[in-house]
> 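I am attaching a structure below and will ask some questions about it afterwards.
FYI, the numbering just counts along the sequence from 1.
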Amino acid sequence: MLSSLSSTISRLNLFYPKPSIPYSLSSCLKTLKPQPIIPRWSPLHSLSTHSTSRLSTSLKPQLETLVSKDDLVVLGIETSCDDTAAAVVRGNGEILSQVVSSQADLLAKYGGVAPKMAEEAHSQVIDQVVQEALDKANLTATNLSAVAVTIGPGLSLCLRVGVRKARKLAGSFNLPIIGIHHMEAHALVARLIERELQFPFMALLISGGHNLLILAHDLGHYIQLGTTIDDAIGEAYDKTAKWLGLDMSRSGGPALEELAREGDAESIKFSTPMKQHKDCNFSYAGLKTQVRLAIESKNILCAAMLKFPFLRQVAKIEGPELTLQLLFSELQYCI
């Protein structure tokens with residue numbers, strides 16, 4: 001949530017419209033007539049940058065008036081995936097409130113994010129979350145300078161809920177809407193925390209569905225150095241946690257981290273993906289397969305030890321991996 005707001009705060013003094021809004025969202029956004037939409041995100045392209053087009057002359061004076069105020073207050077809305085969130089932040093970076101409604105129960109029930117169920121959950125709580133954020137900030141919608149909302153990347157069904165709420169709020173109180181690029185916001189949140197951080201800087205962005213290594217030259221000016229060529233690390237975490245039968249209510253990452261604290265880092269050796277590649281890309285599909293095979297092998301060994309108790313003693317002496325190899329070789333010989 002703070003990521004989206006940092007993008008808004010850090011960049012309200014420089015308006016670079018980037019009209020690359022997903023079709024499903026653009027049709028929803030363009031129906032808002034009283035306020036112009038200010039597209040604020042640009043996809044991160046490999047070895048390329050976006051040219052910065054200018055605002056129309058009718059819109060520019062309005063925004064210059066808006067950002068000149070010292071008491072700038074922005075409401076941010078985030079519904080890109082499985083949590084419904086809203087926060088209110090001042091122009092100086094002060095966080096006045098932050099409210100998050102978790103979908104942990106749905107994550108546990110479906111073993112991950114179910115887009116349609118997530119959309120319904122967002123719809124049920126979005127009004128309450130936004131109102132609570134305003135109440136905790138001791139403000140009303142009339143005190144807002146603008147509404148910021150995540151418009152991508154993310155699950156389109158979920159994004160739509162946040163955009164509709166932002167549109168309704170902006171239309172009722174004559175506020176501009178600022179579209180926020182999810183991953184750009186993640187990169188710029190560092191400037192909210194580290195006020196002295198200057199461009200250029202490098203950022204490693206790791207989230208449930210994305211892995212990006214970028215070089216941030218300026219606001220709206222990025223070079224993508226690397227990305228995942230298959231699965232994101234969040235996908236690998238969720239699948240592994242599911243295979244291990246862990247509690248998915250907090251998603252796979254936290255569940256695995258908690259279990260790993262009790263584990264032995266030397267017990268199983270996994271090969272390092274992309275080691276021979278001279279680039280900055282990531283790959284998790286192969287590592288995910290290695291983990292799945294390791295889990296299946298352990299399950300086979302456990303079943304064998306239940307059937308043949310003497311294997312427990314062998315495993316203690318020789319180790320589980322060698323015991324499993326011996327078991328497979330004996331089975332092959334028997335066949």
Side-chain angles (χ1 to χ4, degrees), residues 1-4 6-7 10-11 16 18-22 39-52 78 80-82 112-113 150-156 158-159 179-194 196-241 251-254 256-257 260 265 268-294:
M1 182 65 234
L2 297 183
S3 304
S4 294
S6 70
S7 176
S10 301
R11 302 173 58 206
Y16 295 129
K18 318 284 192 310
S20 306
I21 300 175
R40 298 303 309 284
W41 63 280
S42 56
L44 303 173
H45 285 277
S46 178
L47 301 179
S48 66
T49 60
H50 276 274
S51 60
T52 57
E78 151 65 17
S80 64
C81 192
D82 57 334
V113 180
T150 307
I151 60 173
L155 300 174
S156 59
C158 299
L159 289 166
I180 301 298
H181 186 288
H182 185 182
M183 300 310 290
E184 184 179 27
H186 276 305
L188 294 177
V189 72
R191 286 168 56 82
L192 178 63
I193 300 168
E194 299 291 337
E196 302 303 315
L197 179 62
Q198 300 296 319
F199 293 105
F201 64 86
M202 189 178 293
L204 174 62
L205 309 179
I206 301 176
S207 66
H210 300 89
N211 287 90
L212 290 171
L213 183 64
I214 67 161
L215 180 62
H217 279 289
D218 204 342
L219 301 171
H221 181 179
Y222 310 95
I223 294 177
Q224 180 177 295
L225 304 176
T227 186
T228 178
I229 62 171
D230 38 58
D231 298 331
I233 194 169
E235 158 75 6
Y237 279 153
D238 284 347
K239 283 288 175 64
T240 301
S251 78
L256 284 175
E257 183 179 6
I268 301 175
K269 301 293 184 183
F270 295 118
S271 61
T272 305
M274 307 287 286
K275 197 173 182 180
Q276 306 303 322
H277 292 254
K278 296 182 179 180
D279 57 34
C280 298
N281 288 327
F282 307 88
S283 172
Y284 294 99
L287 189 58
K288 191 173 69 173
T289 300
Q290 290 183 64
V291 171
R292 178 177 59 80
L293 293 175

> Which atom pair, heavy atoms only, marks the closest approach of Ala241 to Gly252?
CB-CA, 3.6 Å
> For the residue pair Asp238 and Gly253, what are the closest heavy atoms and their distance?
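Shortest heavy-atom separation between Asp238 and Gly253 comes out as OD1-N, 4.4 Å.
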> Listed by chain and number, what are the side-chain contact (heavy atoms from CB on, under 4.5 Å) partners of Thr228, not counting sequence neighbours?
Asn211, Asp230, Phe282, Tyr284
> Within this structure, what is the NE2-OH distance for the pair His181 and Tyr222, rounded to the nearest 0.5 Å?
9.0 Å
> For Gly226 and Asn281, work out which heavy atoms get closest and say how close.
CA-OD1, 3.3 Å
> Any side-chain heavy atom of Tyr237 sitting closer than 4.5 Å to one from Glu257?
no
> Closest approach of Ile214 and Gln224, non-hydrogen atoms and distance?
CG2-CA, 4.3 Å
> Can you measure from OG1 (Thr289) to NZ (Lys239) and round to the nearest 0.5 angstrom?
10.0 Å
> To the nearest 0.5 Å, what is the distance between CG (Leu287) and OG1 (Thr240)?
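That separation rounds to 7.5 Å.
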> To the nearest 0.5 Å, what is the distance between CZ (Arg191) and CZ (Phe201)?
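Between atom CZ of Arg191 and atom CZ of Phe201 there are 6.5 Å.
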> Which pair of non-hydrogen atoms, one from Leu159 and one from Pro153, has the smallest distance, and what is that distance?
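Smallest interatomic distance, heavy atoms only, reads CD1-C, 4.3 Å.
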> For Leu225 and Cys280, work out which heavy atoms get closest and say how close.
O-CB, 3.4 Å
> Can you tell me how far CG of Leu204 sits from CG of Leu213, rounded to the nearest 0.5 angstrom?
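Answer for the CG-CG pair, Leu213 versus Leu204, is 6.0 Å.
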> Between side-chain atoms of residues 270-278 and protein atoms elsewhere (two or more places apart, or another chain), which donor-acceptor pairs fall under 3.5 Å?
residue	atom	partner	partner atom	Å
Ser271	OG	Gln290	OE1	3.3
Ser271	OG	Gln290	NE2	2.8

> Checking Lys288 now: which residues fulfil salt bridge (charged side-chain N to carboxylate O under 4.0 Å, His left out) with it, not counting sequence neighbours?
Asp231, Glu235
> If I take atom CE from residue Met183 and atom CG from residue Leu188, how far apart are they, to the nearest 0.5 angstrom?
11.5 Å
